[in-house]
Amino acid sequence: MKTIPGFFKNSVAKYADNVLIHEKKNRKYVGATYKEIDEQVEHFAAGLYDLGLRKGDRVALLAEGRTEWLVSELAMLYLGIIDVPLSVKLIEPNEIAFRINHSESKAVIVSQSQLKKIRDIIHKLPKVETVIVFDDVDKKDNEILYSEIYQKGKSASSDLKAAVQKMMQSVEGNDVANITYTSGTTADPKGIMLTHRNYTANTEQGTSLFEIKQEYITLLILPWDHSFAHTVGLYTMIGKGASLAVVERGRTPMETLKNIPKNIKEIKPYFLLSVPALAKNFKKNIEAGIRQKGKTTENLFNFALSMAYKYNKLGFDKGTGGTLIYKPLLVLFDKILFSKIREGFGGNLLYFVGGGALLDIELQRFFYAIGIPMYQGYGLSEAAPVISSNSPDAHKMGSSGRIVANLEIKILDDDGNEMKTGEKGEIVVKGENVMKGYWKNEKATKETLKEGWLHTGDIGYLDKDGFLYVLGRFKSLLIGNDGEKYSPEGIEEALTDQSKYIEQVMLHNNQNPYTVGLIVPNPAALKERIKSEGVDIKSEDAVDLALNVIKEEVAKYLSGGEFQDMFPARWLPASIGIPDESFNEQNGLMNATMKVIRGNISKRYDELLDYLYTAEGKTITNDKNRASMKKWLSGR
């Protein structure tokens with residue numbers, strides 16, 4: 001099936017009475033079948049048509065994962081409307097307004113918990129005619145309830161329903177289904193156009209690596225706008241007649257997060273989608289639970305882990321090299337220790353699939369040892385998103401797995417020459433899952449799509465067994481701990497351009513909880529400032545003053561600062577390190593075109609970067625920064 005409506009209708013025909021989605025109602029999970037969801041989609045689609053929305057119109061969707069989220073998207077796609085899913089993590093008003101305005105959305109569908117974000121910026125959304133609210137609220141101008149639209153669609157005339165069916169038949173595989181936005185480091189994130197066929201192709205590709213049975217169920221714990229959750233958590237499950245469950249919503253995001261362990265036990269999922277931040281949290285909770293049982297249990301658990309690591313090796317080679325002798329003891333440890341941990345995940349959990357950023361190999365070893373492998377995958381939203389993955393049938397810990405079916409891949413050097421097996425270069429791919437392009441951004445499209453090949457911006461290599469290894473950013477892309485990728489140049493340039501006290505900046509984030517920055521100061525400007533405040537240039541107070549001036553310059557981009565709306569706060573440096581020398585061509589930290597060489601800087605200052613993620617390092621006046629600033633101020 002080329003289109004999502006056709007794809008979904010096919011599953012409804014095959015699996016009509018299977019439960020598609022489970023959601024909490026009155027504190028108890030209640031299931032809705034494929035047939036029931038299809039009826040809801042038909043009604044809501046008719047209601048949207050009655051509202052005046054037509055094929056090609058854009059509608060933004062800002063809500064937590066829930067039944068209405070799925071019904072809304074499918075109803076839009078039935079009509080050929082383009083869904084613009086927005087992350088509930090978006091907080092800054094300008095970020096939300098940009099995406100809605102740039103996509104020229106005519107309507108916004110929103111949950112009650114996200115409604116204030118839209119109400120606060122509605123005056124900045126000239127093209128938005130209607131705000132559709134999932135929940136029953138006191139409506140304001142231009143607002144209408146989801147239930148009202150649904151009822152209108154349910155009672156629609158036969159002529160209107162026939163018009164909806166005709167529109168659905170007009171949808172083609174190459175029509176845009178979603179515009180999903182990159183995080184962006186300036187007020188100009190890119191809108192990725194994903195077609196109906198991009199999604200249906202990627203679901204087919206994903207199931208070439210994983211067998212999904214119709215009795216499977218997953219708890220979808222990632223945000224539904226997340227491309228990984230969208231394709232694998234929703235459409236791949238739908239294509240196989242399987243079930244998904246919604247995390248129980250709390251009164252706050254933190255309360256919702258706390259519901260996940262309880263919901264896992266209730267749903268008893270067969271697999272879970274995860275990103276590094278969640279994986280680390282699961283591991284942390286498991287280890288805390290073991291510690292609570294006393295020192296003896298903790299020591300036994302650690303011994304069992306170390307033995308499992310030796311036996312499992314990298315997964316594909318487990319039990320080799322004389323390690324088979326450990327198996328009988330590991331069977332015992334599994335019975336008395338590891339199986340008890342698995343019960344905490346419901347008892348049915350076969351594996352995790354890790355997407356987003358790269359998973360630490362130690363995390364993979366840990367979960368493999370306890371009998372719930374975490375299979376690392378790799379993808380980009382521009383590829384809808386799955387490119388490769390480890391799987392039960394083929395896995396090497398440390399790799400990103402084998403390439404999905406019906407996808408071409410090449411590894412290229414800086415000049416576009418194809419590399420041999422084992423040689424590093426930029427990962428480029430070509431297939432039906434590759435995006436149509438960036439919305440209203442031909443320049444970026446031409447830079448990223450070349451003769452149908454998607455240039456990922458990531459560096460990696462293929463080994464002799466066909467496993468892909470993703471090593472990091474090819475040029476300057478950084479990765480947050482939730483898998484979001486972003487380019488730091490805009491922030492770096494603003495900091496140096498807007499501040500006379502800052503000479504150079506290099507931001508760093510390699511799947512870490514926050515971004516840090518190495519900032520080379522302008523000693524002449526700082527000395528002038530110190531002198532103007534009557535502080536002795538040779539004193540300790542001068543060092544503290546200089547460091548705090550740097551901190552204040554960065555703070556101008558945070559909430560309440562002079563430039564607060566220029567960049568999303570999460571990409572600004574939460575911790576600052578002062579290098580002891582500038583980045584220049586002579587020391588190999590800058591190239592001939594005056595661009596910083598990130599790899600060389602990261603290698604030179606690896607200890608300082610690690611230090612910036614400690615509690616002591618987060619303080620601007622830490623000992624390392626004080627020592628470096630003294631050198632800058634003294635001219636040594």
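Each residue takes its place number in the sequence, starting with 1.
Although no hydrogens or angles enter the test, the distance criterion places no donor-acceptor pair under 3.5 Å between the side chain of Tyr29 and the main chain of Asn263. Side-chain atoms of Arg58 come within 3.5 Å of backbone atoms of Gly56 as a donor-acceptor pair (strictly under, hydrogens ignored). Proximity of a side-chain donor or acceptor of Thr130 to a complementary backbone N or O of Ala107 within less than 3.5 Å is not detected. A donor-acceptor pair under 3.5 Å links the side-chain atoms of Glu92 to the main chain of Ala569, judged by distance alone. Listed for the Lys55 side chain is a donor-acceptor partner under 3.5 Å among the backbone atoms of Ser170. Listed for the Thr256 side chain is a donor-acceptor partner under 3.5 Å among the backbone atoms of Thr252.
Aromatic rings from Tyr613 and Tyr514 are positioned such that their centres are separated by under 6.0 Å. Between Phe7 and His196, the distance separating the two ring centers is not shorter than 6.0 angstrom. Less than 6.0 angstrom separates the ring centroid of Phe282 from the ring centroid of Phe352.
Atom NZ of Lys240 is surrounded by 12 or fewer heavy atoms from other residues, nucleotides or ligands within 6.0 Å. The 12-atom threshold is not exceeded at CD1 of Ile91, counting heavy atoms of other residues, nucleotides or ligands nearer than 6.0 Å. In Lys35, the NZ atom is not crowded: 12 or fewer heavy atoms of neighbouring residues, nucleotides or ligands sit closer than 6.0 Å. Other residues, nucleotides and ligands place more than 12 heavy atoms under 6.0 Å from the NZ atom of Lys24. Within a 6.0 Å radius of NZ in Lys14, no more than 12 heavy atoms belonging to other residues, nucleotides or ligands are found. Around NZ of Lys139, the count of heavy atoms belonging to other residues, nucleotides or ligands within 6.0 Å exceeds 12. No more than 12 heavy atoms of other residues, nucleotides or ligands lie within 6.0 Å of NZ in Lys140, so this atom counts as exposed by the packing criterion.
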Between Val246 and Leu220, does the side-chain contact (heavy atoms from CB on, under 4.5 Å) criterion hold? Intermediate values first, please.
CA-CA 6 Å; Val246 178; Leu220 199 45; over 6 Å; no

Evaluate the criterion side-chain contact (heavy atoms from CB on, under 4.5 Å) for residue pair Val164 and Lys161; output intermediate values, then yes/no.
CA-CA 5 Å; Val164 169; Lys161 289 180 179 178; 5.5 Å; no

Candidate pair Asp225 and Leu86, rule side-chain contact (heavy atoms from CB on, under 4.5 Å), full reasoning:
CA-CA 6 Å; Asp225 68 280; Leu86 301 179; over 6 Å; no

Can Gln40 and Thr67 be said to form a side-chain contact (heavy atoms from CB on, under 4.5 Å), step by step?
CA-CA 10 Å; Gln40 291 181 37; Thr67 301; 4.0 Å; yes

Step by step, would you call Arg249 with Glu23 a salt bridge (Lys or Arg N to Asp or Glu O under 4.0 Å)?
CA-CA 10 Å; Arg249 292 191 299 278; Glu23 186 166 8; 2.9 Å; yes

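Side-chain atoms of Asn198 and Thr195 include a donor-acceptor pair closer than 3.5 Å. In the model, Asp38 has a side-chain atom that pairs as donor or acceptor with a side-chain atom of Tyr78 under 3.5 Å. Judged purely by distance below 3.5 Å, without hydrogens or angles, the side chains of Tyr438 and Glu382 pair a donor atom with an acceptor atom.
Under 4.0 Å is where a charged nitrogen must lie from a carboxylate oxygen, and between Glu148 and Lys152 no such pair does. A salt bridge links Glu204 to Arg197: at least one charged side-chain nitrogen sits closer than 4.0 Å to a carboxylate oxygen. Between Glu248 and Lys262 a salt bridge is recorded (basic side-chain N to carboxylate O distance below 4.0 Å).
Counting heavy atoms from C-beta outward, Glu39 and Glu42 have side chains that stay 4.5 Å or more apart.
Atom OG1 in Thr33 sits 8.0 Å away from atom CG in Leu20 (nearest 0.5 Å). For the atom pair Ile264 CD1 and Phe345 CZ, the distance stands at 6.0 Å (nearest 0.5 Å). Rounded to the nearest 0.5 angstrom, Leu62 CG and Ser113 OG are separated by 8.0 Å. Rounding to the nearest 0.5 Å gives a distance of 12.5 Å between CZ of Phe134 and CD of Gln112. In this structure, the separation between CZ on Phe567 and CD1 on Ile491 is 5.5 Å, given to the nearest 0.5 Å. To the nearest 0.5 Å, the span separating NZ on Lys106 from CG on Leu53 amounts to 6.0 Å.
Note on ring orientation: taking the six-membered ring where Trp is involved, the planes of Tyr15 and Tyr34 are tilted (angle from 30° to 60°).
Among Asn178, Asn433, Thr231, the single residue meeting the side-chain hydrogen bond (donor to acceptor under 3.5 Å, both in side chains) criterion with Tyr199 is Asn178. Each of Tyr351, Phe210, Tyr216 was checked for a ring-ring contact (aromatic ring centres under 6.0 Å, His included) with Tyr270, and the lone residue meeting it is Tyr216. When Arg99, Glu95, His102 are each tested for a side-chain hydrogen bond (donor to acceptor under 3.5 Å, both in side chains) with Tyr181, only one passes: His102.
The two residues Ser147 and Asp136 make their nearest non-hydrogen contact at OG-OD1, 3.8 Å.
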